[in-house]
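Chain A is the first sequence line, chain B the second, and so forth, proteins listed ahead of strands; every chain is numbered from 1.
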Amino acid sequence: MIDLKYLQNNFEEASVKLQKKGVDSQTLEKLKSLFAELKAANAALESAKAEQNSMSKLFGQYKREGKDIAELKAKVDANKEAMVPLQEKARQAEVALYEIALAIPNFPDDNVPVGEDEEENVELRRVLEPRSFDFEPLEHWALAEKNGWIDFERGVKLAKSRFSVLRGDAARLERALINFFLDTNREKGFEELCVPFMNNAAMLQGTGQLPKFEEDLFKIEDEDLYLIPTAEVPLTNMYHDEILSAEQLPVLMTGYTPCFRKEAGSAGRDTRGMIRQHQFDKVEMVAIAHPEKSDEIFEMMVQNASDILTALGLPHRVVELCTGDLGFSAARTIDLEVWLPGQNKYREISSISNTRDFQARRAKIRFKDGKKNRLVHTLNGSALAVGRTLIAIMENYQNEDGSIEIPEVLKKYM
RNA sequence: AGACAGGUGGCCGAGUGGUCGAAGGCGCACGACUGGAACUCGUGUAGGUGUAACAGCCUCGAGGGUUCGAAUCCCUUCCUGUCUGCCA
């Protein structure tokens, strides 16, 4: 959630920032006035409560002194009645405020390039030259078919469309990649965690998936549980409503989880192959950072993900997302896009974001800064999306006969 | 899943309707004592909101109710422990 006090005190500046993320100024005006309304309503209610409390305390005194309480009681009763509309007003203001506030995206950082959509993202650098083929490279689904690696039909039979089954060496390669990613992250100082694959609504609100994006999530029937769309949710919320000591920072965590997404709104996109599935494996990095250190950690996370691709010999490029392409919670995001020779284009394989204090405010993650509690910064990034890495290996390491080489660094895992 | 017992501050633990945001202890911080330390003694030590700073308001697992007044009484719910059942 954005800082409503900041919005109140720097309204012009704040609305310029949020317009870049597609929030119209009417909504912000409304939010601002609701915030003022809530403060006024609370002030009125609280002073009535203060009066009520102090009168109630007199009862004890009167009784001990044997005084008559009839008059006092009449006064208290009257005050109590007067409080009812104040209470209702404050409650309504609060509900109305949060309904809007929770749906407002994070401010983009000032130096994020301004743009409408992914067309205006900025390529920062390319790493490794794409290999040149002396034959026409195939797309991953064709290779999968040749090698019997992916059983799309049976995935659909078992579940529904956008599910698939990995078989034989593909299944082993998937597992090898997970182990390689986790080991690499661990060596960089990330603690390895194995977390629940279902989280409750409060956690999903903490990281920003709820309430706005419920239609993207798989919900468990009759339970306050959702299948996680990314390990960012459980890892970040590890410290939900906790206060860390300054010495604990940064908290660096990594974990493998499957991720579950309904992919609502991506009808017709990437329906062929394994690029966009309802369930996919991912190894995630999450950092809980001191606000002054989060930029540094962000760079480290980008570098780590890029290094993993380099170690696998996968050509990729580093792309800074423009304001229009930034996710809901992100202040800044860098995507890594891997080269897919079969598709003849770069495709997203990792997304690393700094959410600053946006998730921390929602999830109440703070640290002791001397005597004061301050919100931490939270960061997350894939290192890496496993299925897409598998695809990238298939397409980049294919031979003319359709066979696929295994990258050197993975051999010890297979 | 069923039966019973519980959920109080960083931790342990007292508190069954008012003077309780909460005794006592441990821990921690600061000070005194010491050459230095331990011991001992003294002082302080929850979070949120709010304020220029106070004040005020909210929080004793969570939500609701009774009452002028709730940590304390009632209802719902979640969690933990023990036993039974079931299971990897």
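- Using a 4.0 Å heavy-atom distance criterion, A:Q61 is classed as making no nucleic acid contact.
- Nucleotide B:rG7: paired with B:rC78 (Watson-Crick or G-U wobble, both distances less than 3.5 Å).
- Using N1 to N3 plus N6-O4 or O6-N4 for Watson-Crick, or N1-O2 and O6-N3 for G-U wobble, each under 3.5 Å, B:rU67 pairs with nothing.
- Under a 4.0 Å N-O distance rule, the pair A:D401/A:K146 does not qualify as a salt bridge.
- Relative orientation of the A:H278 and A:F218 rings is perpendicular, given thresholds of 30° and 60° on the angle between their planes.
- In the region residues 33-44 of chain A, proximity to RNA chain B at under 4.0 angstrom, judged on heavy atoms, holds for A:K39.
- Separating the P atom of B:rG50 from that of B:rA32 is a span of 39 Å, rounded to the nearest Å.
- Remark: the separation of the P atoms in B:rU72 and B:rG65 is 14 Å, to the nearest Å.
- Nucleotides B:rC26 and B:rA38, compared at atom P, are 16 Å apart to the nearest Å.
- B:rU43 sits 22 Å from B:rA55 when the P atoms are compared, rounded to a whole Å.
- Sorted by first and then second residue, the salt bridge (Lys or Arg N to Asp or Glu O under 4.0 Å) pairs with a member in residues 84-107 of chain A read A:E88-A:R91; sequence neighbours excluded.
- Listed by first and then second residue, the salt bridge (Lys or Arg N to Asp or Glu O under 4.0 Å) pairs that reach into residues 75-84 of chain A are A:K73-A:D77, sequence neighbours excluded.
- Under 4.0 Å is where a charged nitrogen must lie from a carboxylate oxygen, and between A:R356 and A:D109 at least one such pair does.
- Between A:R374 and A:D357 there is no salt bridge, since no side-chain nitrogen of the basic residue lies less than 4.0 Å from a carboxylate oxygen of the acidic one.
- A:Y256 has its ring centre no less than 6.0 Å from the ring centre of A:F181.
- Near-neighbour residues of RNA chain B inside residues 75-94 of chain A, defined by a heavy atom below 4.0 Å, number-ordered: A:V76, A:D77, A:K80.
- Ranked by how close their nearest RNA chain B nucleotide is to the 5' end, A:K5 and A:E46 are led by A:K5.
- In this structure, B:rA53 makes no Watson-Crick or G-U wobble pair, since no nucleotide meets both defining distances under 3.5 angstrom.
- RNA chain B is contacted by both A:K368 and A:M55; A:K368 maps to the nucleotide lying nearer its 5′ end (nearest heavy atom per residue).
- Taking atom P on both B:rU80 and B:rA29, the two are 33 Å apart, rounded to the nearest angstrom.
- Ring centroid separation for the pair A:F358 and A:F107 does not come in under the 6.0 Å cut-off.
- Applying the Watson-Crick and G-U wobble criteria (two distances, each under 3.5 Å), B:rA1 pairs with B:rU84.
- Residue pairs that meet the salt bridge (Lys or Arg N to Asp or Glu O under 4.0 Å) test with at least one member in residues 160-179 of chain A, sequence neighbours left out, are A:D151-A:R167, A:D169-A:R172.
- With both ends at atom P, the span from B:rU16 to B:rC4 equals 24 Å, rounded to whole Å.
- Using N1 to N3 plus N6-O4 or O6-N4 for Watson-Crick, or N1-O2 and O6-N3 for G-U wobble, each under 3.5 Å, B:rC41 pairs with B:rG31.
- For the P atom pair drawn from B:rA70 and B:rC20, the interatomic distance equals 15 Å after rounding to whole Å.
- Atom P of B:rG56 sits at a distance of 24 Å from the matching atom of B:rG64, rounded to the whole Å.
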In sequence, state the C-alpha distance, the side-chain angles, and the governing distance for A:S294 and A:N354, and then conclude on side-chain hydrogen bond (donor to acceptor under 3.5 Å, both in side chains). CA-CA 7 Å; A:S294 71; A:N354 188 347; 3.1 Å; yes

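- Using a cutoff of 4.0 Å between basic side-chain nitrogens and carboxylate oxygens, A:K364 and A:E242 are not scored as salt-bridged.
- Protein chain A touches strand RNA chain B; the 5'-most and 3'-most nucleotides with an atom under 4.0 angstrom of its non-hydrogen atoms are B:rG18 to B:rG69.
- The partner of B:rC20 cannot be assigned: no Watson-Crick or G-U wobble pair with both contacts below 3.5 Å exists in any strand.
- Side-chain atoms of A:R362 come within 3.5 Å of backbone N or O of A:L102 as a donor-acceptor pair.
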